[in-house]
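One structure is given below, encoded as structure tokens.
Every heavy atom of this structure was used, including side-chain atoms; hydrogens, water molecules and symmetry mates were not. Just so we're clear, the structure is a prediction, and the values are computed from it rather than from any experiment. We count residues from 1, following the sequence as given.
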Amino acid sequence: VRARAQSAEPFDVVEKSIRDLQSALTSGQVTSERLVGLYLARIATYDQAGPRLNAVIHINANAAAVARALDEERKARGPRSPLHGIPVLLKDNFETRDMPTTGGSLALRGIVPPRDAFQVGQVGRAGAVLLGKVNLHELALGLTSVSSLGGQTLNPYDVTRAPGGSSGGSGAAEAACFAAFTMGTDTSGSIRIPSSHNSLVGLRPSAGLSSRGGIIPFGHTQDTGGPMARTVEDIALILDETVGYDPADPITQASGGRIPRSYTASLKEGALKGARIGVLTEFFGTAPEDEEVALVVRRAIDEMKAQGAAAVEVVIPDLAKLVTASNLLTQELKFYLGDYLKSAGAYATSIEEMLETGLHASGIQGILDVANGTAADYLSSEDYKARLAARETLAKAVLDAMEANKVAALAYPTIRRIAPIVGGAQAGSNAALSANSGHPAITVPAGFTPGGFPVGIELIGRRFGEATLLALAYDYERSTHHRRPPVMTPAPERTESGSVTIEVRATRARS
């Protein structure tokens, strides 16, 4: 792909919010086509060269042309939405009709679906520019973002460490300002963990708020897709364009009458004043390895109190047992992913064939083995029915605890430990509470460890209570400003002059 950065006054995309970019587009300071070139320049400089973050695995060959058409449309009719002309990078398990959708797997290399995922179509209709696709932990089956097709993505805050997962490419790319925003998916922490590890805001929506249509499935019960961005306002703007009913995903019927006219309308300073925040002490951990993150999150609770919030300790009886009993992380994988591989025309059309052909990274061998051993009739088994019922029990327990303590949200570390050194395993996830209950959760930057690694605080709320979570997170963000860019991905010192040609290649497959 070649993109030409046109002569113009210098413009810096680093840390620019959607509102910042939209203001620059409206004033004529920059065009959408030029934004594409500027983001591609950062990808060329920091992803495929320099620190080689290895986050981007495919560039949309049509991005510059689409942006140019959107610039002309803006001149003729004005912007479609706040996302008009804004470049976005997509996790490569969202189907795209004009780019390959691989899940980072050699088993799906080069396969281009016939249609866009529902949420991809929504942001496209809103006028966003699909800049490309980013790496992930292969098929979203892990937390360190390594894949047979894309290799290992690195954390821009510490390139010796993983970026989190499975949306690690989305997290690293957003932190390094390779796009205005990114989209990720979350089956059990895959949006929130990389957001925490990359000083980002990430939202796992309520079950039924956003369609799963066109997302490569891990397990239908826990899968969801959502936004990752550098500000809470950006999350709200993206959410406004991606929620709602999709006939292809029946669970979205539950959102009827429960979506506000605009999530951005809920954003106001002062939301923490008088709010009661439940501190889920059990999720702070007790191991020495948990302490550095816990200290940052406890300080974040104090910062919320300084803004007028009341913090109360909350205990949910038998919480660990409830979370374990409601887990459906691997039990559905054999069936839903297997069906997808077959329908997509993959080089391996089942979990069994993936194991036989070896068309996968060694890091997902264990989970594929477990999935392949699932009984053929499992989805009609008593164990499966019991797990589904346990999810309702957990959801009720969370709601009961919130009601009994009269809290607006429960707070705890998004993940109790920083990212592992590349090659290591991620520990300390608290992500299952939201994933297993269907309650929404947002992570927002809470600060950094003494060693300089990002930490997120997670807030979980009531079903379809995203507006409340966004309001609380917004007020906290605005009062603390903990987000800061990684120092290893600064803006290039040179300014643009004349015409610059940038060539970007997709990451080569690695076995």
Side-chain angles (χ1 to χ4, degrees), residues 91 93 136-137 139-145 162-168 170-171 184-198 200-207 209-210 212 215 218-219 221-228 235 280-285 287 289-290 293-294 297 316 319-333 367 387 390-391 394-395 397-398 409-420 425-446 454-461 463 466 469 473:
K91 184 177 180 180
N93 61 347
L136 64 158
H137 200 103
L139 296 169
L141 304 183
L143 300 179
T144 56
S145 294
S166 61
S167 307
S170 301
T185 65
D186 191 311
T187 303
S188 192
S190 291
I191 285 174
R192 293 161 289 149
I193 292 170
S195 292
S196 177
H197 286 342
N198 288 278
L200 301 173
V201 186
L203 175 74
R204 178 190 167 93
S206 300
L209 184 67
S210 301
R212 303 162 298 178
I215 295 173
F218 184 152
T221 301
Q222 293 186 194
D223 284 348
T224 190
M228 299 168 67
I235 295 290
L280 200 56
T281 308
E282 182 176 345
F283 271 18
F284 281 69
E289 296 84 356
D290 299 329
V293 168
V297 177
I316 300 177
L319 179 57
K321 291 182 180 178
L322 290 172
V323 170
T324 299
S326 58
N327 173 55
L328 278 170
L329 191 58
T330 62
Q331 288 83 353
E332 297 174 335
L333 181 61
I367 194 169
R387 289 177 183 273
R391 296 175 65 81
L394 175 62
V398 172
L410 300 175
Y412 46 85
T414 306
I415 186 158
R416 299 190 303 276
R417 300 182 188 177
I418 67 171
Q426 176 72 65
S429 176
N430 288 324
L433 185 60
S434 171
N436 295 14
S437 68
H439 286 258
I442 191 169
T443 181
V444 63
V455 172
I457 181 171
E458 183 159 309
L459 300 173
I460 189 170
R463 285 283 301 276
E466 280 80 1
L469 292 181

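Of the possible polar contacts, none joining the Arg391 side chain to the Gly438 backbone as a donor-acceptor pair under 3.5 Å is found. Checking side-chain atoms of Arg387 against main-chain N and O of Asn327 turns up a donor-acceptor pair under 3.5 Å. Gln222 contributes a side-chain N or O that, together with a main-chain N or O of Leu328, makes up a donor-acceptor pair within less than 3.5 Å. Remark: side-chain polar atoms of Thr443 are not paired, donor with acceptor, to backbone N or O of Glu458 under 3.5 angstrom. Judged by distance alone, the side chain of Arg416 and the main-chain N or O of Ala427 form no donor-acceptor pair under 3.5 Å. Distance alone, capped at 3.5 Å, places no donor-acceptor pair between the Glu332 side chain and the Thr330 backbone. A donor-acceptor pair under 3.5 Å is absent between the side-chain atoms of Asp290 and the main chain of Gly428, judged by distance alone. Put simply, the side chain of Arg204 gets close to the backbone of Asp186: a donor and an acceptor are under 3.5 Å apart.
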Show your working on side chain to side chain contact (heavy atoms under 4.5 Å, CB included) between Phe283 and Leu410 and close with a plain yes or no.
CA-CA 11 Å; Phe283 271 18; Leu410 300 175; over 6 Å; no
Is there a side chain to side chain contact (heavy atoms under 4.5 Å, CB included) between Phe218 and Leu141 once you walk through the steps?
CA-CA 7 Å; Phe218 184 152; Leu141 304 183; 3.6 Å; yes
Please step through side chain to side chain contact (heavy atoms under 4.5 Å, CB included) for the pair Ile457 and Val444, ending with a clear verdict.
CA-CA 6 Å; Ile457 181 171; Val444 63; 3.5 Å; yes
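Pro163 places none of its side-chain heavy atoms less than 4.5 Å from the side chain of His197. A 4.5 Å side-chain heavy-atom check between Leu280 and Ile460 finds every atom pair outside the cut-off. Between Pro413 and Val455 there is no side-chain heavy-atom pair separated by less than 4.5 Å. In this structure the side chain of Pro440 never reaches within 4.5 angstrom of the side chain of Leu209, judged on heavy atoms. When side chains are defined from C-beta on, Val293 does not count as touching Ile415, because their heavy atoms never get closer than 4.5 Å.
Counting all heavy atoms, side chain and backbone alike, Ile235 lies closest to Pro227 at CD1-O, 3.5 Å. Nearest heavy atom pair, residue Ser206 against residue Glu466, reads N-OE2, 2.6 Å. The heavy-atom pair separating Gly165 from Pro194 by the smallest distance is O-CD, 3.5 Å. Between Lys91 and Gly184 the shortest heavy-atom distance is CD-CA, 4.0 Å. Closest approach of Ser188 to Ala435, counting heavy atoms only: CA-CB, 3.8 Å. Between Pro205 and Gly225, the closest heavy-atom pair is CG-O, 3.5 Å.
How far CE of Met228 is from CG of Asn198: 7.0 Å, rounded to the nearest 0.5 Å. With values rounded to the nearest 0.5 angstrom, Asn93 atom CG is found 4.0 Å from Thr185 atom OG1. From Ile316, atom CD1 reaches atom CD of Glu282 across 8.0 Å, with rounding to the nearest 0.5 Å. Here the straight-line distance linking atom OG1 of Thr187 with atom CG of Asn436 works out to 11.0 Å at 0.5 Å rounding. Atom OG1 in Thr324 sits 10.0 Å away from atom NZ in Lys321 (nearest 0.5 Å). Note that OG of Ser434 is 11.5 Å distant from CG of Leu459, once rounded to the nearest 0.5 Å.
In this structure, a donor-acceptor pair under 3.5 Å is absent between the side chains of Gln426 and His137.
With Ser190 as the fixed residue, the side-chain hydrogen bond (donor to acceptor under 3.5 Å, both in side chains) test singles out one of Ser195, Ser166, Ser170, Ser145: Ser166.
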